[in-house]
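In what follows, a single structure is set out as structure tokens and then discussed.
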Amino acid sequence: MAPEIKYTKLFINNEWVDACSGYTFAAYAPHDGSVIAQVAEGDRADIDLAVTAAKAAFHRDSKWRLLDASARGRLLNKFADLIQRDAQYLGELECCNNGMNIRMVLGIVQKGVNGARYAASLADKIQGDTIPADGDLFSYTLKQPVGVCGLILPWNAPILMFVNKVCTALAAGCTVVVKPAEQTPLTSLALAALLKEAGVPAGVVNVVTGFGPDAGAALTHHPDVAKISFTGSLEVGKQIQQAAGKANLKRVTLELGGKSPLVIMNDADLNLAVTWAAHGVFGNQGQMCFAASRTFVQSGIYDTFVKKAVEFARNIKIGNPSDPNVDHGPQVDGEIMNRVLAYIEKGKKEGARLLTGGNRIGTTGYYVEPTVFADVEDHMTIAKEEIFGPVQCIFKFETLKEVIDRANNTNYGLASGIFTKNINDALHFSKHVEAGNVWINTYLASTAQTPFGGFKDSGVGREKGVDCVEEYLEIKTVTISLPKTF
Ligand code: ADP
């Protein structure tokens, strides 16, 4: 049963309003495909209203801009308290609308609390430098918020994305318009209500639900938006980067896809490696930008690893994600499910060895079996394209040098991992792999304190970590003439 859904309207200027058009769209439960809510369908006109509200809230005389930086931090901490208070409800709502299992989703909500507190702690530590400029000059820098930010969210971890992006922007002193993914609009609205309860002034945070090509594109083209932060597909990321340079020159942070290599050396702790390789690709049904979607296993342990990986996949508990014993829920919608199934067919056709899974489960909801392919070769489609589903692709390799070249032979560069007991191999790999994150003897280890983002086509800029706030700041250099008086 769906949890109570309290908010389905747009959130503009701290008010709940219908879309200008009056249109709504359906939000679904991927477990059974049922409609759980009708949500306001914002478009260009609503984005205009939201940006106008955010622009007014950014004005130098506004309540928000006059607030002490430490007070911004306290507000964000209050928001974190409220997320903690409502963690169970938010988790159930996300689980119902997105299909992530409830244990994982509650962990994600906790990461959201940590992210909000981390951003809160940065709010009053934004400071510039004093600079020994040449000549009779004295310079210093001020770091100032960039302006109205458009935050475009994906559907795979909506709560965490909302909290990380919104809290970092607010810590910097910006105001925001959030556009949640059309598949998962509900938790963003619930979080907006908590921001209002925390005391965020009107217009500082606005949420416009709706579709990417309408509401999303209107935000990226808007001349009064100074910055876009986007998490989603490479294809849309490229469109956003182009749009961001049209009406004005927007700053852009992009966190896009990946085809991340996980390397298992002969000397690895085998059971640990099998477990993390599975979590790395089956977690959230593979719908993770940093999924370990290419598992490279050294030849000495290849057969044993493959056998254990298949056993692991067969033991994953599949079912309604609201059941705390379930590991594996549905894909987020039918389109994504069909895309994953099409990749599996391509893998079979191109000669990869399907060892388990490969099918849709039942005819209700959008479930795909945890699937393992062995003997995957680098030229195959499943080796090159982002599947974003529960499909483990296992490759064989001989030497570290060879595997680093093969790991880097992709336009993506988001995450990577290596399992080995040899410190030299681990450090060599971490130095040469082209990826924004390297995990050694673990995977998916990302916290509020650690920067996250990609090399190459996996993105531009970083989120989280102590420097994340810089993405929302401009540097202003102030130079004073100091005539010689002696
Ligand atoms: P996926 O392919 O995984 O659904 P997308 O990259 O299409 O991911 O979507 C991520 C987010 O980008 C969603 O909020 C979506 O509405 C938004 N979006 C999609 N197309 C555009 C666009 N042309 N301009 C701006 N935002 C978009």
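For ligands, and for the atoms within them, numbers begin at 1 and follow the listed sequence. Along the sequence shown, the residues carry numbers beginning at 1. The shown structure was predicted, so the numbers you read here are calculated from the model rather than taken from an experiment.
- Distances between N or O atoms of K179 and those of ligand 1 include at least one value under 3.5 Å.
- Below 3.5 Å of separation, one finds an N or O of E182 facing an N or O of ligand 1.
- The contact set between ligand 1 and G216, taken as ligand atoms under 4.0 Å from a residue heavy atom, comprises 24 (N), 25 (C), 26 (N).
- Among protein heavy atoms, the minimum distance from atom 10 (C) of ligand 1 is reached at F230 CE1, 3.8 Å.
- Those atoms of ligand 1 that come under 4.0 Å of a heavy atom in A181, given as number and element, are 13 (C), 14 (O).
- Counting only heavy atoms of the protein, atom 17 (C) of ligand 1 lies nearest to I152 CG2, 3.7 Å.
- Relative orientation of the F11 and W16 rings is tilted, given thresholds of 30° and 60° on the angle between their planes.
- Each of the following atoms of ligand 1 lies closer than 4.0 Å to a heavy atom of Q239: 23 (N).
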Full working for ring pair (Phe, Tyr, Trp, His ring centres under 6.0 Å) between F452 and F290: CA-CA 10 Å; F452 188 81; F290 49 25; 5.5 Å; yes

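- Of the protein's heavy atoms, at least one falls inside 4.0 Å of atom 5 (P) of ligand 1.
- For atom 18 (N) of ligand 1, the nearest non-hydrogen atom of the protein is G212 CA, 3.3 Å.
- Geometric assessment of K227 against the ring of Y472 yields a positive cation-pi assignment under the 6.0 Å and 45° thresholds.
- Ligand 1 has a nitrogen or oxygen under 3.5 angstrom from a nitrogen or oxygen of W155.
- Remark: distances from the non-hydrogen atoms of P180 to ligand 1 include one below 4.0 Å.
- Under 4.0 Å from ligand 1, the heavy atoms of L153 that appear belong solely to its backbone.
- F25 has its side chain within reach of P185: a pair of non-hydrogen atoms, C-beta onward, lies under 4.5 Å apart.
- Nearest protein heavy-atom neighbour of atom 7 (O) of ligand 1: V236 CG2, 3.6 Å.
- Those atoms of ligand 1 that come under 4.0 Å of a heavy atom in G232, given as number and element, are 6 (O).
- For the pair K6 and Y89, the cation sits on the ring face: its NZ or CZ lies under 6.0 Å from the ring centre, inside 45° of the axis.
- Sorted by first and then second residue, the side chain to side chain donor-acceptor pair (under 3.5 Å) pairs with a member in residues 329-342 read Q287-Q331; sequence neighbours excluded.
- Counting only residues at least two apart or on different chains, the side chain to side chain donor-acceptor pair (under 3.5 Å) pairs with a member in residues 174-183 are K179-E182.
- Between R103 and D327 the shortest side-chain heavy-atom distance falls below 4.5 Å.
- A distance of 6.0 Å or more separates the ring centres of F282 and W276.
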